[in-house]
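Position 1 is the first residue of the sequence; numbering continues from there.
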Amino acid sequence: MANSSLTSSLNRYQPYAISAFRIVVGLLFACHGAASLFGLLGVPDNATVDAGTWPGWYAAVIQLVGGTLVLLGLGTRSAAFISSGSMAYAYFKVHQPEGLFPLENSGEASAMFCWAFLLLVFTGPGAIALDNLFSRGAGASDSARSNDDRSAGKGRERATATA
């Protein structure tokens with residue numbers, strides 16, 4: 001019984017936890033892009049990528065723009081999909097040839113970002129996102145609506161079973 005109560009409490013806050021996750025992942029990704037493009041955040045100027053160079057400059061632009069969009073929750077699923085693909089490319093083309101496992105090839109960040117963004121493609125932006133302002137049900141996220149739908153479905157199942 002207590003487990004059911006805990007689960008329902010956690011489920012109620014799930015859309016907000018997804019938003020917090022999205023904001024942190026987007027911020028960290030945008031910081032990587034800003035550091036690579038502009039030498040910000042403690043990165044020496046000589047560590048920036050030259051404009052137009054493949055693939056570094058394009059990856060940095062995707063990091064800055066994609067990270068900012070994900071952070072704001074604007075076009076979240078599309079930005080997360082492109083960002084995830086960018087990190088998969090980075091892992092397999094840059095890191096994986098150096099060794100099989102991420103700890104061997106320094107590809108942990110690429111792998112983690114790739115999977116975090118792929119998760120956001122499927123979960124959506126959460127409750128607190130600009131996407132929600134532009135959706136049909138302004139103020140309610142896809143995640144919150146799907147959770148409400150599932151809860152309503154369980155109630156109908158119980159009512160049907162008792163009838």
Side-chain angles (χ1 to χ4, degrees), residues 2-132 135 141-147 150:
N3 188 27
S4 174
S5 176
L6 176 62
T7 301
S8 65
S9 293
L10 290 173
N11 286 342
R12 183 176 28 248
Y13 295 108
Q14 182 181 14
Y16 300 99
I18 291 170
S19 291
F21 175 78
R22 185 201 80 242
I23 290 166
V24 169
V25 169
L27 176 65
L28 293 173
F29 203 57
C31 287
H32 274 277
S36 296
L37 290 172
F38 309 118
L40 301 174
L41 308 168
V43 174
D45 286 336
N46 61 353
T48 60
V49 293
D50 293 329
T53 58
W54 177 259
W57 184 81
Y58 294 93
V61 169
I62 289 171
Q63 290 170 354
L64 181 61
V65 174
T68 301
L69 289 172
V70 168
L71 167 68
L72 296 172
L74 186 60
T76 304
R77 290 177 193 254
S78 300
F81 182 76
I82 292 167
S83 298
S84 177
S86 168
M87 290 295 97
Y89 179 88
Y91 182 78
F92 287 110
K93 288 300 262 184
V94 176
H95 298 285
Q96 198 276 329
E98 302 296 321
L100 181 61
F101 298 108
L103 289 174
E104 290 180 293
N105 60 33
S106 301
E108 304 96 318
S110 295
M112 289 295 293
F113 276 123
C114 177
W115 287 104
F117 284 121
L118 189 61
L119 178 66
L120 289 171
V121 170
F122 289 95
T123 62
I128 305 166
L130 290 179
D131 283 343
N132 297 333
S135 67
S141 73
D142 293 337
S143 300
R145 272 188 249 120
S146 65
N147 284 340
R150 274 181 269 175

Donor-acceptor contact below 3.5 Å, side chain [X] vs main chain [Y]:
X	Y	answer
Ser8	Ser5	yes
Ser19	Ile128	yes
Asp131	Thr76	yes

Please give me the minimum heavy-atom distance between [X] and [Y], naming the atom from each residue.
X	Y	answer
Ala127	Asn132	O-ND2, 2.8 Å
Val49	Ala60	CG2-CB, 4.3 Å
Ala79	Val70	CB-CG2, 3.9 Å
Met87	Ser110	CB-O, 3.4 Å

Listed by chain and number, what are the side-chain contact (heavy atoms from CB on, under 4.5 Å) partners of [X], not counting sequence neighbours?
X	answer
Leu103	Glu108
Ile23	Leu71
Val94	none
Phe21	Val25, Ala116, Leu119, Leu120

Item to complete: Quick one: which residue pairs count as a ring pair (Phe, Tyr, Trp, His ring centres under 6.0 Å) with a foot in residues 56-86, not counting sequence neighbours?
Response: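 Sorted result for residues 56-86: Trp54-Tyr58.
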Worksheet item: Can you tell me how far OG1 of Thr68 sits from CG of Leu72, rounded to the nearest 0.5 angstrom?
Response: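 Rounded to the nearest 0.5 Å, the CG-OG1 separation comes out at 6.5 Å.
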Discussion item. Just verifying a value: how many Å separate Leu69 CG and Ile82 CD1, rounded to the nearest 0.5 Å?
Written reply: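 These two atoms lie 9.0 Å from each other.
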Item to complete: Go through the structure and list residues passing side chain to side chain donor-acceptor pair (under 3.5 Å) with His32, not counting sequence neighbours.
Response: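 With sequence neighbours excluded, His32 shows a side chain to side chain donor-acceptor pair (under 3.5 Å) to no residue whatsoever.
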Discussion item. My understanding is that only residues two or more places apart in sequence, or in another chain, count here; which of them pass side chain to side chain donor-acceptor pair (under 3.5 Å) with Ser9?
Written reply: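 Side chain to side chain donor-acceptor pair (under 3.5 Å) list for Ser9, sorted by chain: Arg12.
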Discussion item. Using side-chain contact (heavy atoms from CB on, under 4.5 Å), reason through Phe113 and Gln63 one step at a time and then give a plain yes or no.
Written reply: CA-CA 10 Å; Phe113 276 123; Gln63 290 170 354; over 6 Å; no
Item to complete: Output every pair passing side-chain hydrogen bond (donor to acceptor under 3.5 Å, both in side chains) with a member in residues 81-92, not counting sequence neighbours, ordered by first then second residue.
Response: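 Pairs touching residues 81-92 that pass the test: Tyr91-Asn105.
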